[in-house]
Amino acid sequence: MNYFEEEVSMPLSPMADYFSSSLINVFVLGVLESEIPIDDSRAEPLLKDAFLPISTRFSSILVMDKKGKKGWKQVDVNLKEHIKIPTFPTIMPLKIYDKCFDEYMSKIAMEQLPQDKPLWEMHIFKYPTSNAAGTFILKLHHALGDGYTIMTTLLSCVQKADNPSIPIKFPSSKSSVESKNTKTMLKILPQTASMVFKSVFDFGWSVLKDSLIPDDQTPIRSGHKDVGFRPMSISNVSLSLDDVKEVKNKLKVSVNDVLVGVIFFGIQLYMGAKNHESSRAESRGTALVLLNTRKIRAYKSAKEMHDTDSEAPWGNRFHFMHVPIPILSDANYLNPLEFVLEANKNIKRKRNSLAIPLTDVLLRLLNKIKGPQAAANYVYKILNNTSLSISHMVGPVEQVALANHPIKGFYFMTVGLSQSITVTITSYMGYLRVGFGVEEGFIDEYQLKSCFEASLEMMLKAAKKCCAIEN
(Lines give C-alpha, C1' and ligand atoms only; values in the text may rest on other atoms or scores of the structure.)
Protein backbone atom coordinates (compact mmCIF):
# COMPACT_ATOMS: atom_id res chain seq x y z
CA MET A 1 0.00 0.00 0.00
CA ASN A 2 1.59 3.25 -1.18
CA TYR A 3 -0.98 5.81 0.00
CA PHE A 4 0.12 7.66 3.14
CA GLU A 5 -1.79 10.22 5.20
CA GLU A 6 -0.86 12.38 8.19
CA GLU A 7 -3.68 10.73 10.11
CA VAL A 8 -6.49 8.28 9.42
CA SER A 9 -10.00 9.62 10.06
CA MET A 10 -11.88 6.35 9.40
CA PRO A 11 -9.78 3.47 10.82
CA LEU A 12 -10.25 -0.14 9.73
CA SER A 13 -11.79 -2.69 12.06
CA PRO A 14 -9.29 -5.30 13.29
CA MET A 15 -10.62 -8.15 11.09
CA ALA A 16 -10.71 -5.86 8.02
CA ASP A 17 -7.07 -5.01 8.75
CA TYR A 18 -6.07 -8.68 8.95
CA PHE A 19 -7.91 -9.54 5.71
CA SER A 20 -6.06 -6.81 3.77
CA SER A 21 -2.52 -7.77 4.81
CA SER A 22 0.41 -9.11 2.83
CA LEU A 23 -0.38 -12.62 4.14
CA ILE A 24 -4.15 -12.62 3.59
CA ASN A 25 -5.95 -10.71 0.86
CA VAL A 26 -9.58 -11.85 0.75
CA PHE A 27 -12.41 -11.00 -1.66
CA VAL A 28 -16.07 -11.96 -1.96
CA LEU A 29 -17.72 -12.71 -5.31
CA GLY A 30 -21.52 -12.30 -5.36
CA VAL A 31 -23.04 -14.02 -8.43
CA LEU A 32 -26.56 -13.07 -9.57
CA GLU A 33 -28.06 -15.03 -12.46
CA SER A 34 -30.51 -13.13 -14.67
CA GLU A 35 -33.56 -14.68 -16.31
CA ILE A 36 -33.30 -12.25 -19.24
CA PRO A 37 -30.40 -10.92 -21.35
CA ILE A 38 -28.58 -8.16 -19.48
CA ASP A 39 -28.93 -4.52 -20.53
CA ASP A 40 -25.59 -3.14 -19.31
CA SER A 41 -26.77 0.47 -19.71
CA ARG A 42 -28.69 0.03 -16.45
CA ALA A 43 -25.59 -0.83 -14.44
CA GLU A 44 -24.25 2.70 -13.95
CA PRO A 45 -27.55 4.22 -12.68
CA LEU A 46 -27.91 1.23 -10.34
CA LEU A 47 -24.46 1.75 -8.87
CA LYS A 48 -24.88 5.52 -8.60
CA ASP A 49 -28.39 5.61 -7.11
CA ALA A 50 -28.56 2.39 -5.08
CA PHE A 51 -25.08 0.99 -4.39
CA LEU A 52 -22.83 3.95 -3.57
CA PRO A 53 -25.24 5.61 -1.07
CA ILE A 54 -25.33 2.43 1.06
CA SER A 55 -21.95 3.08 2.67
CA THR A 56 -19.08 5.56 2.41
CA ARG A 57 -16.78 2.50 2.24
CA PHE A 58 -17.88 2.02 -1.37
CA SER A 59 -16.45 5.43 -2.31
CA SER A 60 -13.28 5.14 -0.22
CA ILE A 61 -9.77 3.81 -0.72
CA LEU A 62 -7.43 2.19 1.79
CA VAL A 63 -4.73 4.50 3.13
CA MET A 64 -2.10 4.27 5.85
CA ASP A 65 -0.74 6.87 8.24
CA LYS A 66 2.94 7.29 9.16
CA LYS A 67 2.55 4.91 12.09
CA GLY A 68 1.27 2.13 9.83
CA LYS A 69 -2.37 2.44 10.86
CA LYS A 70 -4.81 1.69 8.02
CA GLY A 71 -8.03 3.55 7.34
CA TRP A 72 -10.52 4.75 4.74
CA LYS A 73 -10.35 7.96 2.71
CA GLN A 74 -13.27 9.08 0.57
CA VAL A 75 -12.53 9.83 -3.09
CA ASP A 76 -14.46 10.64 -6.25
CA VAL A 77 -15.68 7.48 -7.99
CA ASN A 78 -15.55 7.00 -11.75
CA LEU A 79 -18.17 4.27 -12.12
CA LYS A 80 -17.07 3.38 -15.65
CA GLU A 81 -13.74 2.20 -14.21
CA HIS A 82 -15.57 -0.25 -11.94
CA ILE A 83 -17.82 -1.86 -14.56
CA LYS A 84 -16.13 -4.73 -16.43
CA ILE A 85 -17.80 -6.37 -19.45
CA PRO A 86 -15.82 -9.23 -21.03
CA THR A 87 -16.24 -10.09 -24.70
CA PHE A 88 -16.38 -13.56 -26.24
CA PRO A 89 -17.33 -14.86 -29.70
CA THR A 90 -21.08 -14.80 -30.31
CA ILE A 91 -23.41 -17.70 -31.12
CA MET A 92 -21.61 -20.53 -29.37
CA PRO A 93 -23.11 -23.62 -27.66
CA LEU A 94 -24.07 -23.20 -24.00
CA LYS A 95 -21.39 -25.68 -22.94
CA ILE A 96 -18.72 -23.44 -24.47
CA TYR A 97 -20.14 -20.39 -22.69
CA ASP A 98 -20.25 -22.43 -19.46
CA LYS A 99 -16.53 -23.05 -19.85
CA CYS A 100 -15.89 -19.38 -20.68
CA PHE A 101 -17.82 -18.35 -17.56
CA ASP A 102 -15.93 -20.79 -15.31
CA GLU A 103 -12.60 -19.57 -16.67
CA TYR A 104 -13.65 -15.94 -16.25
CA MET A 105 -14.65 -16.57 -12.63
CA SER A 106 -11.27 -18.19 -11.96
CA LYS A 107 -9.53 -15.26 -13.64
CA ILE A 108 -11.22 -12.49 -11.65
CA ALA A 109 -10.85 -14.52 -8.44
CA MET A 110 -7.07 -14.22 -8.80
CA GLU A 111 -6.88 -10.58 -9.90
CA GLN A 112 -6.04 -7.96 -7.31
CA LEU A 113 -8.15 -4.81 -7.11
CA PRO A 114 -6.38 -1.49 -7.86
CA GLN A 115 -5.36 0.20 -4.59
CA ASP A 116 -5.98 3.71 -5.98
CA LYS A 117 -9.72 3.03 -6.41
CA PRO A 118 -12.52 1.87 -4.07
CA LEU A 119 -12.20 -1.87 -3.52
CA TRP A 120 -15.06 -3.26 -5.59
CA GLU A 121 -16.03 -4.05 -9.19
CA MET A 122 -19.14 -5.12 -11.09
CA HIS A 123 -18.55 -7.68 -13.85
CA ILE A 124 -21.30 -8.29 -16.40
CA PHE A 125 -21.17 -11.61 -18.28
CA LYS A 126 -23.67 -10.93 -21.08
CA TYR A 127 -23.62 -14.41 -22.60
CA PRO A 128 -26.09 -17.24 -21.89
CA THR A 129 -25.00 -20.21 -19.77
CA SER A 130 -26.78 -23.34 -18.60
CA ASN A 131 -27.92 -21.40 -15.52
CA ALA A 132 -28.80 -17.92 -16.83
CA ALA A 133 -29.37 -15.61 -19.80
CA GLY A 134 -26.67 -13.35 -18.33
CA THR A 135 -24.80 -12.98 -15.05
CA PHE A 136 -23.88 -10.11 -12.73
CA ILE A 137 -20.75 -10.64 -10.61
CA LEU A 138 -20.08 -8.21 -7.79
CA LYS A 139 -16.51 -8.41 -6.50
CA LEU A 140 -15.81 -6.77 -3.14
CA HIS A 141 -12.79 -6.76 -0.88
CA HIS A 142 -13.49 -8.43 2.47
CA ALA A 143 -12.24 -5.28 4.23
CA LEU A 144 -15.54 -3.67 3.17
CA GLY A 145 -17.54 -6.12 5.25
CA ASP A 146 -18.42 -9.75 5.93
CA GLY A 147 -21.10 -11.93 4.35
CA TYR A 148 -23.86 -10.41 6.50
CA THR A 149 -22.83 -6.92 5.39
CA ILE A 150 -22.59 -7.90 1.72
CA MET A 151 -25.98 -9.64 1.79
CA THR A 152 -27.49 -6.46 3.27
CA THR A 153 -25.86 -4.53 0.42
CA LEU A 154 -27.40 -6.83 -2.20
CA LEU A 155 -30.81 -6.69 -0.50
CA SER A 156 -30.60 -2.88 -0.59
CA CYS A 157 -30.01 -2.93 -4.37
CA VAL A 158 -32.81 -5.29 -5.45
CA GLN A 159 -36.60 -5.06 -5.70
CA LYS A 160 -39.46 -7.54 -5.75
CA ALA A 161 -39.50 -9.12 -9.22
CA ASP A 162 -43.30 -9.11 -9.54
CA ASN A 163 -43.80 -5.60 -8.13
CA PRO A 164 -40.69 -3.36 -7.98
CA SER A 165 -42.60 -0.61 -6.15
CA ILE A 166 -42.96 -2.79 -3.03
CA PRO A 167 -39.84 -3.15 -0.85
CA ILE A 168 -38.58 -6.71 -0.38
CA LYS A 169 -38.85 -8.38 3.00
CA PHE A 170 -35.49 -8.90 4.66
CA PRO A 171 -34.91 -12.55 5.60
CA SER A 172 -35.08 -13.13 9.34
CA SER A 173 -34.12 -15.81 11.84
CA LYS A 174 -36.37 -16.89 14.66
CA SER A 175 -34.97 -15.91 18.01
CA SER A 176 -36.23 -15.77 21.54
CA VAL A 177 -34.93 -14.29 24.76
CA GLU A 178 -35.48 -16.46 27.82
CA SER A 179 -36.20 -14.53 31.00
CA LYS A 180 -33.62 -15.22 33.68
CA ASN A 181 -35.95 -15.99 36.60
CA THR A 182 -34.85 -17.88 39.73
CA LYS A 183 -35.77 -21.32 38.39
CA THR A 184 -33.87 -20.67 35.18
CA MET A 185 -30.79 -19.52 37.08
CA LEU A 186 -30.88 -22.63 39.28
CA LYS A 187 -30.93 -24.78 36.16
CA ILE A 188 -27.98 -22.89 34.67
CA LEU A 189 -25.73 -22.87 37.76
CA PRO A 190 -24.78 -26.60 37.70
CA GLN A 191 -23.80 -26.23 34.04
CA THR A 192 -21.50 -23.24 34.60
CA ALA A 193 -18.48 -25.16 35.91
CA SER A 194 -18.72 -27.62 33.03
CA MET A 195 -19.01 -24.80 30.49
CA VAL A 196 -15.95 -23.01 31.92
CA PHE A 197 -13.89 -26.22 31.86
CA LYS A 198 -14.91 -27.01 28.27
CA SER A 199 -14.26 -23.41 27.23
CA VAL A 200 -10.74 -23.46 28.67
CA PHE A 201 -10.07 -26.79 26.94
CA ASP A 202 -11.49 -25.55 23.61
CA PHE A 203 -9.50 -22.31 23.78
CA GLY A 204 -6.27 -24.11 24.69
CA TRP A 205 -6.78 -26.63 21.89
CA SER A 206 -7.55 -23.92 19.33
CA VAL A 207 -4.35 -22.02 20.30
CA LEU A 208 -2.30 -25.20 19.90
CA LYS A 209 -4.08 -26.02 16.67
CA ASP A 210 -3.57 -22.56 15.23
CA SER A 211 0.07 -22.29 16.29
CA LEU A 212 1.63 -25.74 16.27
CA ILE A 213 -0.62 -28.54 14.99
CA PRO A 214 -1.66 -28.24 11.34
CA ASP A 215 -4.09 -30.70 9.77
CA ASP A 216 -2.49 -33.60 7.91
CA GLN A 217 -1.95 -33.31 4.18
CA THR A 218 -4.87 -35.10 2.53
CA PRO A 219 -6.69 -35.03 -0.83
CA ILE A 220 -8.43 -31.85 0.39
CA ARG A 221 -5.41 -30.11 1.94
CA SER A 222 -2.24 -29.55 -0.07
CA GLY A 223 -0.40 -27.76 2.73
CA HIS A 224 0.97 -25.12 0.36
CA LYS A 225 1.82 -21.96 2.27
CA ASP A 226 0.81 -19.74 -0.66
CA VAL A 227 -2.46 -21.54 -1.43
CA GLY A 228 -4.45 -18.33 -0.95
CA PHE A 229 -2.63 -16.81 -3.93
CA ARG A 230 -2.84 -19.88 -6.20
CA PRO A 231 -5.41 -20.28 -9.02
CA MET A 232 -8.87 -21.34 -7.87
CA SER A 233 -11.62 -23.24 -9.67
CA ILE A 234 -15.20 -22.30 -8.72
CA SER A 235 -18.28 -24.49 -9.13
CA ASN A 236 -21.65 -24.88 -7.45
CA VAL A 237 -24.57 -27.23 -7.02
CA SER A 238 -28.26 -26.50 -6.36
CA LEU A 239 -30.24 -28.34 -3.68
CA SER A 240 -33.90 -28.36 -2.67
CA LEU A 241 -34.39 -26.74 0.73
CA ASP A 242 -37.31 -29.13 1.32
CA ASP A 243 -34.97 -32.13 0.96
CA VAL A 244 -32.60 -30.66 3.54
CA LYS A 245 -35.51 -29.85 5.86
CA GLU A 246 -36.66 -33.47 5.62
CA VAL A 247 -33.40 -34.56 7.26
CA LYS A 248 -33.52 -31.58 9.64
CA ASN A 249 -37.00 -32.43 10.92
CA LYS A 250 -36.13 -36.11 11.28
CA LEU A 251 -33.07 -35.41 13.43
CA LYS A 252 -34.41 -32.27 15.15
CA VAL A 253 -31.36 -30.20 14.21
CA SER A 254 -30.82 -27.01 12.17
CA VAL A 255 -30.54 -26.65 8.40
CA ASN A 256 -26.92 -25.57 8.94
CA ASP A 257 -26.19 -28.76 10.91
CA VAL A 258 -27.56 -30.88 8.05
CA LEU A 259 -25.51 -29.02 5.45
CA VAL A 260 -22.29 -29.26 7.47
CA GLY A 261 -22.93 -32.99 7.97
CA VAL A 262 -23.56 -33.47 4.24
CA ILE A 263 -20.35 -31.55 3.42
CA PHE A 264 -18.32 -33.65 5.89
CA PHE A 265 -19.70 -36.94 4.54
CA GLY A 266 -19.17 -35.76 0.95
CA ILE A 267 -15.55 -34.85 1.77
CA GLN A 268 -14.94 -38.29 3.24
CA LEU A 269 -16.46 -39.91 0.14
CA TYR A 270 -14.15 -37.77 -2.00
CA MET A 271 -11.06 -38.65 0.06
CA GLY A 272 -12.03 -42.31 -0.08
CA ALA A 273 -12.27 -42.12 -3.87
CA LYS A 274 -8.89 -40.38 -4.11
CA ASN A 275 -7.00 -42.17 -1.39
CA HIS A 276 -8.80 -44.82 0.64
CA GLU A 277 -6.35 -44.72 3.57
CA SER A 278 -6.80 -40.98 4.29
CA SER A 279 -10.56 -41.24 4.85
CA ARG A 280 -10.48 -44.21 7.24
CA ALA A 281 -7.10 -43.71 8.93
CA GLU A 282 -6.37 -41.40 11.85
CA SER A 283 -5.66 -38.41 9.57
CA ARG A 284 -7.99 -35.90 11.16
CA GLY A 285 -9.08 -32.70 9.50
CA THR A 286 -10.68 -29.51 10.81
CA ALA A 287 -13.26 -27.20 9.28
CA LEU A 288 -13.67 -23.55 10.18
CA VAL A 289 -17.40 -22.84 10.41
CA LEU A 290 -18.00 -19.08 10.39
CA LEU A 291 -20.08 -17.63 13.20
CA ASN A 292 -21.81 -14.24 13.03
CA THR A 293 -21.01 -12.54 16.35
CA ARG A 294 -23.67 -9.80 16.14
CA LYS A 295 -26.31 -9.68 18.88
CA ILE A 296 -29.05 -10.53 16.39
CA ARG A 297 -29.01 -12.72 13.28
CA ALA A 298 -31.92 -11.11 11.41
CA TYR A 299 -30.89 -8.69 8.66
CA LYS A 300 -31.19 -4.98 9.29
CA SER A 301 -31.24 -2.15 6.77
CA ALA A 302 -27.94 -0.48 5.87
CA LYS A 303 -29.09 2.66 7.71
CA GLU A 304 -29.76 0.69 10.91
CA MET A 305 -26.39 -1.07 10.60
CA HIS A 306 -24.59 2.28 10.53
CA ASP A 307 -26.29 3.51 13.73
CA THR A 308 -23.85 4.02 16.61
CA ASP A 309 -25.61 1.59 18.95
CA SER A 310 -26.73 -0.91 16.29
CA GLU A 311 -27.25 -4.52 17.39
CA ALA A 312 -26.12 -5.52 13.89
CA PRO A 313 -23.23 -3.16 13.08
CA TRP A 314 -21.64 -2.77 9.66
CA GLY A 315 -18.29 -4.42 8.92
CA ASN A 316 -16.59 -7.71 9.80
CA ARG A 317 -18.25 -9.22 12.87
CA PHE A 318 -17.51 -12.93 12.75
CA HIS A 319 -15.23 -15.58 14.17
CA PHE A 320 -14.21 -19.12 13.34
CA MET A 321 -15.46 -22.25 15.08
CA HIS A 322 -13.01 -25.17 14.86
CA VAL A 323 -15.16 -28.20 14.02
CA PRO A 324 -13.45 -31.60 13.56
CA ILE A 325 -14.31 -33.59 10.43
CA PRO A 326 -15.50 -37.05 11.54
CA ILE A 327 -13.48 -40.01 10.28
CA LEU A 328 -15.28 -42.39 7.93
CA SER A 329 -16.06 -45.76 9.48
CA ASP A 330 -18.13 -48.77 8.46
CA ALA A 331 -20.81 -47.69 10.95
CA ASN A 332 -21.27 -44.08 9.80
CA TYR A 333 -20.94 -45.08 6.13
CA LEU A 334 -23.98 -47.30 6.58
CA ASN A 335 -25.72 -44.57 8.60
CA PRO A 336 -24.47 -41.19 7.27
CA LEU A 337 -26.95 -39.35 9.53
CA GLU A 338 -24.25 -39.79 12.19
CA PHE A 339 -22.28 -37.06 10.39
CA VAL A 340 -25.16 -34.63 10.92
CA LEU A 341 -25.57 -35.55 14.59
CA GLU A 342 -21.83 -35.17 15.14
CA ALA A 343 -21.87 -31.76 13.41
CA ASN A 344 -24.81 -30.67 15.57
CA LYS A 345 -23.04 -31.73 18.77
CA ASN A 346 -19.75 -30.01 17.92
CA ILE A 347 -21.26 -26.79 16.57
CA LYS A 348 -23.56 -26.45 19.59
CA ARG A 349 -20.60 -26.90 21.93
CA LYS A 350 -18.40 -24.41 20.06
CA ARG A 351 -21.20 -21.85 19.76
CA ASN A 352 -21.83 -21.90 23.52
CA SER A 353 -18.14 -21.97 24.41
CA LEU A 354 -16.15 -19.01 25.69
CA ALA A 355 -13.31 -20.02 23.34
CA ILE A 356 -14.56 -17.62 20.64
CA PRO A 357 -14.54 -14.44 22.80
CA LEU A 358 -11.23 -15.57 24.35
CA THR A 359 -9.73 -15.87 20.85
CA ASP A 360 -11.00 -12.38 20.11
CA VAL A 361 -9.24 -11.11 23.24
CA LEU A 362 -6.04 -12.88 22.17
CA LEU A 363 -6.14 -11.25 18.72
CA ARG A 364 -6.73 -7.82 20.23
CA LEU A 365 -3.80 -8.29 22.62
CA LEU A 366 -1.54 -9.38 19.75
CA ASN A 367 -2.69 -6.36 17.76
CA LYS A 368 -2.04 -3.98 20.65
CA ILE A 369 1.29 -5.41 21.83
CA LYS A 370 2.94 -6.64 18.61
CA GLY A 371 0.94 -4.77 15.96
CA PRO A 372 -1.63 -5.70 13.29
CA GLN A 373 0.86 -7.75 11.25
CA ALA A 374 1.36 -10.16 14.17
CA ALA A 375 -2.41 -10.55 14.57
CA ALA A 376 -2.79 -11.04 10.80
CA ASN A 377 -0.10 -13.73 10.97
CA TYR A 378 -2.12 -15.53 13.66
CA VAL A 379 -5.30 -15.38 11.52
CA TYR A 380 -3.24 -16.70 8.58
CA LYS A 381 -2.18 -19.69 10.72
CA ILE A 382 -5.80 -20.32 11.75
CA LEU A 383 -6.67 -20.64 8.07
CA ASN A 384 -3.54 -22.39 6.80
CA ASN A 385 -3.47 -25.03 9.56
CA THR A 386 -7.05 -26.19 8.86
CA SER A 387 -8.58 -27.96 5.87
CA LEU A 388 -11.56 -25.86 4.79
CA SER A 389 -13.98 -23.05 5.65
CA ILE A 390 -17.79 -23.21 5.59
CA SER A 391 -20.05 -20.15 5.59
CA HIS A 392 -23.83 -19.93 5.24
CA MET A 393 -26.00 -16.93 4.32
CA VAL A 394 -29.79 -16.71 4.24
CA GLY A 395 -31.12 -15.03 1.09
CA PRO A 396 -34.61 -13.82 0.09
CA VAL A 397 -37.52 -16.26 0.07
CA GLU A 398 -39.19 -14.37 -2.82
CA GLN A 399 -37.83 -13.63 -6.28
CA VAL A 400 -35.97 -10.34 -6.63
CA ALA A 401 -34.85 -8.21 -9.56
CA LEU A 402 -31.62 -6.25 -10.04
CA ALA A 403 -32.05 -3.16 -12.24
CA ASN A 404 -35.26 -4.74 -13.63
CA HIS A 405 -33.52 -8.04 -14.39
CA PRO A 406 -35.36 -10.91 -12.62
CA ILE A 407 -32.82 -12.98 -10.71
CA LYS A 408 -33.35 -16.74 -11.00
CA GLY A 409 -30.51 -17.74 -8.69
CA PHE A 410 -27.52 -16.42 -6.81
CA TYR A 411 -24.60 -17.55 -4.72
CA PHE A 412 -21.33 -16.18 -3.39
CA MET A 413 -17.74 -17.33 -3.06
CA THR A 414 -14.93 -16.22 -0.76
CA VAL A 415 -11.54 -16.18 -2.49
CA GLY A 416 -8.04 -15.64 -1.14
CA LEU A 417 -8.35 -17.76 2.01
CA SER A 418 -5.25 -19.79 2.73
CA GLN A 419 -6.97 -23.16 2.21
CA SER A 420 -7.35 -25.68 -0.62
CA ILE A 421 -11.15 -25.68 -0.37
CA THR A 422 -13.79 -23.12 0.57
CA VAL A 423 -17.50 -23.96 0.80
CA THR A 424 -20.27 -21.36 0.79
CA ILE A 425 -24.02 -21.86 1.15
CA THR A 426 -26.74 -19.42 0.06
CA SER A 427 -30.51 -19.91 0.29
CA TYR A 428 -32.87 -18.30 -2.24
CA MET A 429 -36.49 -19.01 -3.21
CA GLY A 430 -36.64 -22.47 -1.62
CA TYR A 431 -33.29 -23.64 -2.95
CA LEU A 432 -29.76 -23.81 -1.59
CA ARG A 433 -26.72 -23.07 -3.73
CA VAL A 434 -23.56 -24.67 -2.42
CA GLY A 435 -20.43 -23.13 -3.90
CA PHE A 436 -17.02 -24.82 -4.00
CA GLY A 437 -13.81 -22.87 -4.42
CA VAL A 438 -10.92 -25.31 -4.78
CA GLU A 439 -7.19 -25.16 -5.42
CA GLU A 440 -6.85 -25.60 -9.17
CA GLY A 441 -4.91 -28.68 -10.25
CA PHE A 442 -5.07 -30.21 -6.76
CA ILE A 443 -8.78 -30.87 -6.14
CA ASP A 444 -11.08 -32.30 -8.84
CA GLU A 445 -14.11 -30.00 -8.48
CA TYR A 446 -16.33 -32.23 -10.63
CA GLN A 447 -15.65 -35.34 -8.56
CA LEU A 448 -16.10 -33.28 -5.39
CA LYS A 449 -19.53 -32.09 -6.60
CA SER A 450 -20.47 -35.68 -7.46
CA CYS A 451 -19.48 -36.87 -3.99
CA PHE A 452 -21.45 -34.04 -2.39
CA GLU A 453 -24.58 -34.95 -4.39
CA ALA A 454 -24.10 -38.62 -3.46
CA SER A 455 -23.75 -37.58 0.19
CA LEU A 456 -27.11 -35.78 0.21
CA GLU A 457 -28.81 -38.65 -1.63
CA MET A 458 -27.53 -41.16 0.92
CA MET A 459 -28.62 -38.86 3.77
CA LEU A 460 -32.16 -38.64 2.35
CA LYS A 461 -32.37 -42.42 1.91
CA ALA A 462 -31.17 -42.94 5.48
CA ALA A 463 -33.73 -40.43 6.82
CA LYS A 464 -36.59 -42.10 4.91
CA LYS A 465 -35.44 -45.52 6.06
CA CYS A 466 -35.54 -44.35 9.69
CA CYS A 467 -39.05 -42.97 9.18
CA ALA A 468 -40.20 -46.25 7.64
CA ILE A 469 -38.79 -48.24 10.59
CA GLU A 470 -40.49 -45.95 13.12
CA ASN A 471 -43.83 -46.21 11.31
Worksheet entry | Student check: side-chain heavy atoms of Y299 and M305 closer than 4.5 Å | no
Rounded to the nearest 0.5 angstrom, the CZ-CZ distance for F436 and F452 is 5.0 Å
Of all heavy-atom pairs linking Y378 and L363, the shortest is CD2-CD2, 3.7 Å
Checklist entry - Do Q373 and S21 have side-chain atoms, one donor and one acceptor, less than 3.5 Å apart? => result no
**Asked** F265 vs F339 aromatic rings, parallel, tilted or perpendicular, using cut-offs 30° and 60°?
**Response** tilted
_Contact between T414 and S389 at the side-chain level, heavy atoms closer than 4.5 Å - yes or no?_
no
Q. Would you find a donor on one side and an acceptor on the other, under 3.5 Å apart, between the side chain of N384 and the backbone of Y380?
A. no
All heavy atoms of L46 vs all of C157, minimum pair found to be CD1-O, 3.8 Å
- [ ] Return yes when atom OH of Y431 has more than 12 non-hydrogen atoms of other residues, nucleotides or ligands closer than 6.0 Å, and no otherwise.
- [x] no
Item to complete: Using atom types as modelled and distance alone, determine if a side-chain donor or acceptor of S427 lies under 3.5 Å from a backbone N or O of G395.
Response: yes
Notebook entry, point to check: Hey, are E44 and K48 close enough for a salt bridge, meaning a charged N less than 4.0 Å from a carboxylate O?
Noted result: no
Next on the checklist: Any heavy-atom pair between the side chains of V31 and F136 that's under 4.5 Å?
Outcome noted: no
Point to revise | Flag for S240-D242: side-chain donor and acceptor within less than 3.5 Å | key: no
message = Could you tell me if the side chain of N352 sits less than 4.5 Å from the side chain of K348, heavy atoms only?
response = yes
Nearest heavy-atom contact between M459 and G261 is CE-O, 3.6 Å
field: Heavy-atom side-chain proximity of P396 to L155 below 4.5 angstrom
entry: yes
CG (L29) and CD (E121) are apart, to the nearest 0.5 Å, by 10.0 Å
Check the pair F320, T359 against side chain to side chain contact (heavy atoms under 4.5 Å, CB included), reporting the backbone distance first and the verdict last.
CA-CA 9 Å; F320 304 108; T359 302; over 6 Å; no
Closest non-hydrogen contact found for G145 with I150 is O-CD1, 3.7 Å
| request: Before giving the answer on salt bridge (charged side-chain N to carboxylate O under 4.0 Å, His left out), spell out for R433 and E33 the whole-Å C-alpha distance, their side-chain angles and the decisive distance to 0.1 Å. | output: CA-CA 12 Å; R433 291 290 284 275; E33 300 166 339; 2.8 Å; yes
Output for pair (L402 CG, L138 CG), nearest 0.5 Å, gives 9.0 Å
Quiz item: Counting only heavy atoms not in F88, do more than 12 fall under 6.0 Å of its CZ?
Solution: yes
D226 meets the side chain to side chain donor-acceptor pair (under 3.5 Å) criterion, sequence neighbours left out, with R230
Exactly one candidate in L113, V77, T153 meets side chain to side chain contact (heavy atoms under 4.5 Å, CB included) with W120; the answer is V77
Closest non-hydrogen atoms of D360 and H319, given as atom of the first, atom of the second and distance, are OD1-NE2, 3.2 Å
Closest non-hydrogen atoms of E35 and A133, given as atom of the first, atom of the second and distance, are O-CB, 3.5 Å
> So, H141 side chain and A16 main chain: donor-acceptor pair closer than 3.5 Å or not?
Replying inline: no
Problem - Exercise: do E304 and S310 side chains pair donor with acceptor under 3.5 Å - result: no
Is there a side-chain contact between T386 and Q419 (heavy atoms, below 4.5 Å)?
yes
(message) Please check: side-chain N/O of D215 versus main-chain N/O of T286, any donor-acceptor pairing under 3.5 Å?
(response) yes
Main chain of I108, side chain of K139: is a donor-acceptor contact present, judged purely on distance under 3.5 Å? yes
Do other residues, nucleotides or ligands put more than 12 heavy atoms under 6.0 Å from the CZ atom of R364?
no
Separation between NZ (K84) and CE (M122), nearest 0.5 Å, reads 13.0 Å
Distance col, row L154:CG vs I168:CD1, nearest 0.5 angstrom, shows 9.5 Å
> Can the ring centres of Y127 and F101 be said to be less than 6.0 Å apart?
Replying inline: no
Fill in: Donor-acceptor under 3.5 Å (S254 side chain, D257 main chain)
yes
Flag, side chain of K408 to backbone of N131, donor-acceptor distance under 3.5 Å:
yes
### Message
Between L52 and L79, does the side chain to side chain contact (heavy atoms under 4.5 Å, CB included) criterion hold? Intermediate values first, please.
### Response
CA-CA 10 Å; L52 287 183; L79 290 174; 3.8 Å; yes
For D307 and D309, indicate whether the former's side chain and the latter's backbone hold a donor-acceptor pair under 3.5 Å. no
Only one of F27, F318, F412 passes ring pair (Phe, Tyr, Trp, His ring centres under 6.0 Å) with H142, and that residue is F318
Would you sort out whether I390 and L259 count as a side chain to side chain contact (heavy atoms under 4.5 Å, CB included), showing the intermediate values? CA-CA 10 Å; I390 303 173; L259 291 168; over 6 Å; no
Side-chain heavy atoms of Y428 within contact of I407, under 4.5 Å: yes
Test your reading of the model: is there a side-chain donor-acceptor pair from S387 to the backbone of A287, 3.5 Å cut-off? no
dist D40:CG -> F125:CZ (nearest 0.5 Å) comes out at 14.0 Å
Item to complete: Take D444 and K274 through the test side chain to side chain contact (heavy atoms under 4.5 Å, CB included) and record every step on the way to the result.
Response: CA-CA 10 Å; D444 183 340; K274 288 292 183 182; 4.0 Å; yes
Could you check whether any side-chain heavy atom of K73 comes within less than 4.5 Å of a side-chain heavy atom of S60, counting everything from C-beta outward? no
Q.
Looking at R42 and A403, would you say the former's side chain and the latter's main chain have a donor-acceptor pair under 3.5 Å?
A. yes
ask   = Hey, are S235 and E445 close enough side-chain-wise for a donor-acceptor pair under 3.5 Å?
value = no
